[in-house]
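Counting convention: from 1, in listed order, for ligands and their atoms alike.
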Amino acid sequence: MRKIDYVKPKTLAEASAFLVEHDGEARLYAGGTDLLILMRNGFTAPQYIVDIKEIPGLQDISFDEAAGLTIGAAASLNAVAGWPIIREKFGLLAEAAETVGSYQVRNRATIGGNICNASPSADTVPPLLVLGAMAWVFGGGEEKAVPLDAFFTGPGETVLGSGDILTSIQVPFPPAGSTYRYLKLGRVRAADLALVGVAILGFPQASNPSGYGFRIALGAVAPTPIRVPEAEAVVAESVDEEAIEKASLAAMRTAKPISDVRASAGYRSAMVRVLTRRGIKEVLEDLT
Ligand SMILES: Cc1cc2nc3c(=O)[nH]c(=O)nc-3n(C[C@H](O)[C@H](O)[C@H](O)COP(=O)(O)OP(=O)(O)OC[C@H]3O[C@@H](n4cnc5c(N)ncnc54)[C@H](O)[C@@H]3O)c2cc1C
């Protein structure tokens, strides 16, 4: 059996420097629920795993009216789903976090790991995209902000470079009167990865001809989770039956799903249309 060294740095600077020094040999380890499976299946074989969970502040969750919500990258998904202000004001994120795996998985799984693993089906990402989240990244001795919609570059790939560590996710306060849906289709009802995930945030917006603003994001149907601006533009104009159908078709056309062992591309495409239509209608019902 290959020997692996477990490293537990005390600060971000220490962790980042270690990653740079052992570039290509060291992997960050948060909950391990993705990493250990990648290692077991032989997709990665790091010499060092670098546990960042205990670095001060990385599990903290805070809220203030101006900055919005800040979630430490190493906060567990159960902590995110259960935090009272997240449930009350950012319910979309709480609901999506709660769909990840099982209670036991969510006790280990972190929000930062869900994002940095960069799976197209990561459940927290479509909600964070429609909420306009910002990723804070530590690297090269400083922290910088990266809008989440510029964070992913492909399946399993992000803008993070050598020594970069996601430290927190900042989520602005949703527009007044917002309501939402996260519709996740899996092969079974419980503890399954999304075949399709659709996150919709809707809110009154007097400047739009329809009177409403919609933000729509899709998971598991493109190389990365994506926003669908074409669909959003249609329902900014009108929310009659025809417009909702047109928006659902636009979402379907934007999606670029693949066929794999879990579902065919054709089925995924069809389900994008169905779930987008259903989600818009349900959000609209809440708004009117
Ligand atoms: C049984 C089971 C069911 C699952 N079901 C779902 C599901 O329904 N939906 C879903 O979305 N996921 C699911 N997952 C996947 C997984 O649980 C989540 O993606 C989880 O949030 C990953 O977080 P983690 O802390 O365990 O990440 P880790 O495994 O520790 O890390 C994942 C990757 O991110 C990197 N990383 C971690 N933290 C950081 C950081 N702060 N900065 C930079 N890089 C970092 C690691 O190096 C690694 O490459 C499931 C997993 C299992 C085992």
Side-chain angles (χ1 to χ4, degrees), residues 4 6-9 12 15-16 18-20 22-41 43-46 48-55 57-60 71-81 93 95-128 135-139 143-144 146 148 151-152 155-169 182 184-197 199 219-220 224-225 262:
I4 297 167
Y6 172 83
V7 186
K8 201 167 183 183
L12 283 171
S16 177
F18 190 91
L19 290 170
V20 171
H22 299 280
D23 195 21
E25 298 179 311
R27 282 292 286 267
L28 279 180
Y29 171 89
T33 62
D34 279 318
L35 182 62
L36 293 180
I37 287 170
L38 290 174
M39 289 167 66
R40 184 194 63 187
N41 294 342
F43 293 115
T44 183
Y48 304 96
I49 57 175
V50 182
D51 189 340
I52 51 168
K53 280 192 304 298
E54 304 294 327
I55 292 177
L58 237 54
Q59 294 189 36
D60 292 357
I71 308 173
S76 77
L77 292 179
N78 273 344
V80 171
L93 178 60
E95 280 186 18
E98 224 157 26
T99 73
V100 172
S102 59
Y103 190 87
Q104 291 84 344
V105 168
R106 293 192 298 275
N107 260 351
R108 295 283 320 162
T110 64
I111 191 161
N114 196 236
I115 294 167
C116 294
N117 193 54
S119 164
S121 64
D123 280 303
T124 64
V125 176
L128 288 170
W136 284 92
V137 175
F138 180 90
E143 217 167 0
K144 62 179 181 223
V146 182
L148 199 65
F151 190 81
F152 303 100
E157 289 171 13
T158 68
V159 295
L160 295 181
S162 171
D164 282 351
I165 301 169
L166 176 70
T167 56
S168 67
I169 298 297
Y182 180 60
K184 172 177 176 177
L185 180 68
R187 286 170 303 181
V188 291
R189 268 182 197 282
D192 198 14
L193 296 176
L195 298 175
V196 178
T224 69
R262 302 173 57 252

Do ligand 1 and [X] have nitrogen or oxygen atoms that lie under 3.5 Å from each other?
X: A30; answer: yes
X: L166; answer: yes
X: G32; answer: yes
X: V100; answer: no
X: G112; answer: no
X: I165; answer: no
X: T110; answer: yes

Tell me which one of [options] gets a heavy atom nearest to [atom].
atom: atom 36 (N) of ligand 1; options: G139, G31, A109, C116; answer: C116
atom: atom 10 (C) of ligand 1; options: L12, D123, T124, I55; answer: D123
atom: atom 22 (C) of ligand 1; options: N117, I52, D34; answer: D34
atom: atom 31 (O) of ligand 1; options: G113, G72, P46; answer: G113

Donor-acceptor pair between N107 and S76 side chains, under 3.5 angstrom: no
Using a heavy-atom cut-off of under 4.0 Å, does the side chain or the backbone of [X] touch ligand 1, or both, or neither?
X: L77; result: side chain
X: S121; result: backbone
X: R106; result: neither

Exam field: side chain R106 to backbone N78, donor-acceptor pair closer than 3.5 Å: no
Whether Y6 and Y29 hold their rings parallel, tilted or perpendicular, with breakpoints at 30° and 60°: perpendicular
